[in-house]
Structure formats: structure tokens, C-alpha cells
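A quick note: this is a predicted structure, and the numbers were derived from the prediction, not measured.
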Amino acid sequence: MRVPSVAVMAFTIALAVATSAGAARDGIPHRQVADMLYELAYANRTVYTRDIVQRLANEESVITASEHFRDEKGLPLPAQMFRFAAEELETNDFWLALRSLTPINFGNGPITPVEEQGLEYVRDNPSERFYAEEDFGGRRNIVAIYADVASVEACISCHNAHPESPRRDFEIGDVMGGVVIRLFIEE
């Protein structure tokens with residue numbers, strides 16, 4: 001398995017940022033930019049979840065993954081790693097987040113009616129993508145939402161066992177939420 005280098009990931013993000021601001025002007029569709037950002041985020045999330053958390057915490061039991069990873073000297077949960085990476089992006093052109101209709105952390109629920117509509121859509125149509133436009137924060141933007149599917153045991157065992165989880169019956173292949181990408185459009 002080949003893991004993309006930090007330089008390749010940084011180049012991809014730089015390309016996407018440069019493209020998103022001028023997408024309409026330069027003829028590159030905003031949806032294509034959102035899809036590129038999603039593919040990068042998805043690849044990183046999959047590698048971390050499958051090759052780090054699933055292997056080290058669930059299969060080999062050499063370290064735990066916990067929302068309190070600093071205190072417990074463990075691994076951050078995949079959702080936390082996703083959020084940390086999203087927070088490192090210093091741009092006003094776009095942002096990404098994990099959202100769910102049944103979040104453990106209330107702050108990870110949909111924050112607009114469009115996000116709620118998109119999460120319902122990808123829950124019911126996991127192989128499809130949801131796109132919409134809306135005003136957010138005083139700016140026009142494209143919202144793209146992609147299904148976040150439980151791919152390994154680490155996903156479902158954590159969510160099903162968490163004391164604050166509103167849902168405890170996840171199975172491999174279930175849609176647990178969605179990756180939300182918001183591209184701000186210059187007008």
C-alpha cells in the first residue's frame with residue numbers, strides 16, 4: 001500500500017484552494033473542486049482508520065483509541081483526526097467537517113437546513129453525492145456532502161459502545177454521517 005506523502009497532499013490542497021477561488025472564472029466547476037477535496041480527505045481518513053486505529057487498537061490491541069487520547073496516552077479517534085486536519089487548513093475559500101444526523105457530540109450535527117437535507121440524502125443514497133448552494137456567514141457557497149460509511153469494526157464498536165451515542169446498532173456498511181465540504185464563491 002502506498003501512502004501519499006505530505007508534499008503530495010499539500011500540493012493537492014494548494015491546487016484545490018487556488019482552483020476554488022477562481023473556479024467559475026477559469027471554467028473549473030465548483031463541484032469538481034469539492035470532489036477533489038473530498039477524495040483527499042477520504043483517502044487520509046481511510047488510511048488512518050484502517051491502518052492505524054483498526055490495526056493497532058482493534059486487531060493488535062497495543063494502544064487504545066479514545067476521545068480522551070491525551071490523558072489516556074492513546075490514539076485520537078478518526079473523527080478527531082479529521083477535525084484536527086480540517087482545523088489546520090488556513091483558508092477562507094473552503095472548509096470541511098464531519099456531520100451526522102445522530103452525532104455523539106452535539107456540535108457535529110447539521111448546522112443548516114441544507115446540511116440536514118444533504119445528510120438525509122446521502123443516508124438514503126450512500127453511493128451518490130449531494131450538492132446545493134446556500135448563503136452562510138454572509139457569503140454564497142456550494143455545499144457538497146458525501147456519505148461517511150462505517151468501513152471497519154473500529155468505527156462501529158466505538159459508536160455503538162459510547163455512553164452518549166444516540167444510536168447503538170451500527171453495522172459495517174451503514175452510513176454514519178457525511179463529509180461536508182463548503183466552497184465559498186466569489187461574486
Looking only at side chains, do His162 and Glu67 share a donor and an acceptor under 3.5 Å apart? yes
I'd like to know if Ile142 and Tyr38 are part of one continuous hydrophobic network [Ile/Leu/Val/Met/Phe/Trp/Tyr, side-chain heavy atoms within less than 4.5 Å]. yes
So CD1 of Ile181 and CZ of Arg31: to nearest 0.5 Å the spacing works out to 13.5 Å
Are Ile145 and Tyr121 grouped together when hydrophobic residues (ILVMFWY) are joined by side-chain heavy atoms under 4.5 angstrom apart? yes
Can you tell me if CZ on Phe84 sees more than 12 non-hydrogen neighbours from other groups inside 6.0 Å? yes
Please report the interatomic distance CE(Met176) to CZ(Phe170), rounded to the nearest 0.5 Å. 4.5 Å
For residues Thr49 and Cys155, report the shortest heavy-atom separation together with the two atoms involved. CG2-SG, 3.9 Å
Heavy-atom side-chain proximity of Phe136 to Val143 below 4.5 angstrom: no
Rounded at 0.5 Å granularity, tell me how far CD1 in Ile63 sits from CG in Leu56. 7.0 Å
Aromatic Tyr131 / basic Arg129 pairing, under 6.0 angstrom, 45° off normal: no
Same cluster or not: are Leu101 and Val149 linked, directly or through other Ile, Leu, Val, Met, Phe, Trp or Tyr residues, by side-chain heavy atoms under 4.5 angstrom apart? no
Any donor and acceptor pair, going by atom type alone, linking the side chain of Arg167 with main-chain N or O of Ile104 inside 3.5 Å? no
The reported gap from CD in Glu120 to CZ in Arg123 (rounded to nearest 0.5 angstrom) is 5.5 Å
Do Tyr42 and Val152 share a hydrophobic cluster (ILVMFWY, side-chain heavy atoms under 4.5 Å, transitive)? no
Taking Asp169's backbone N and O only, do any of them form a donor-acceptor pair with Asn160's side chain (distance below 3.5 Å, no angle check)? yes
Which value, rounded to the nearest 0.5 Å, describes the distance between Asn108 atom CG and Arg99 atom CZ? 6.5 Å
Do any N or O atoms from the side chain of Gln80 and from the backbone of Pro76 form a donor-acceptor pair under 3.5 angstrom? no
Would you indicate whether the side-chain heavy atoms of Leu183 and Phe94 approach each other to under 4.5 Å? yes
Is the shortest side-chain heavy-atom distance between Arg45 and Leu98 below 4.5 Å? yes
Shared hydrophobic cluster for Leu37 and Tyr146 (ILVMFWY, side-chain gaps under 4.5 Å): yes
Mark yes when over 12 heavy atoms from residues, nucleotides or ligands other than Asp124 sit less than 6.0 Å from its CG; otherwise mark no. yes
No-hydrogen, no-angle side-chain donor-acceptor test under 3.5 Å, Glu134 and Thr112: yes
Give, for atom CZ of Arg83 and atom CD of Glu88, the distance between the pair rounded to the nearest 0.5 Å. 12.0 Å
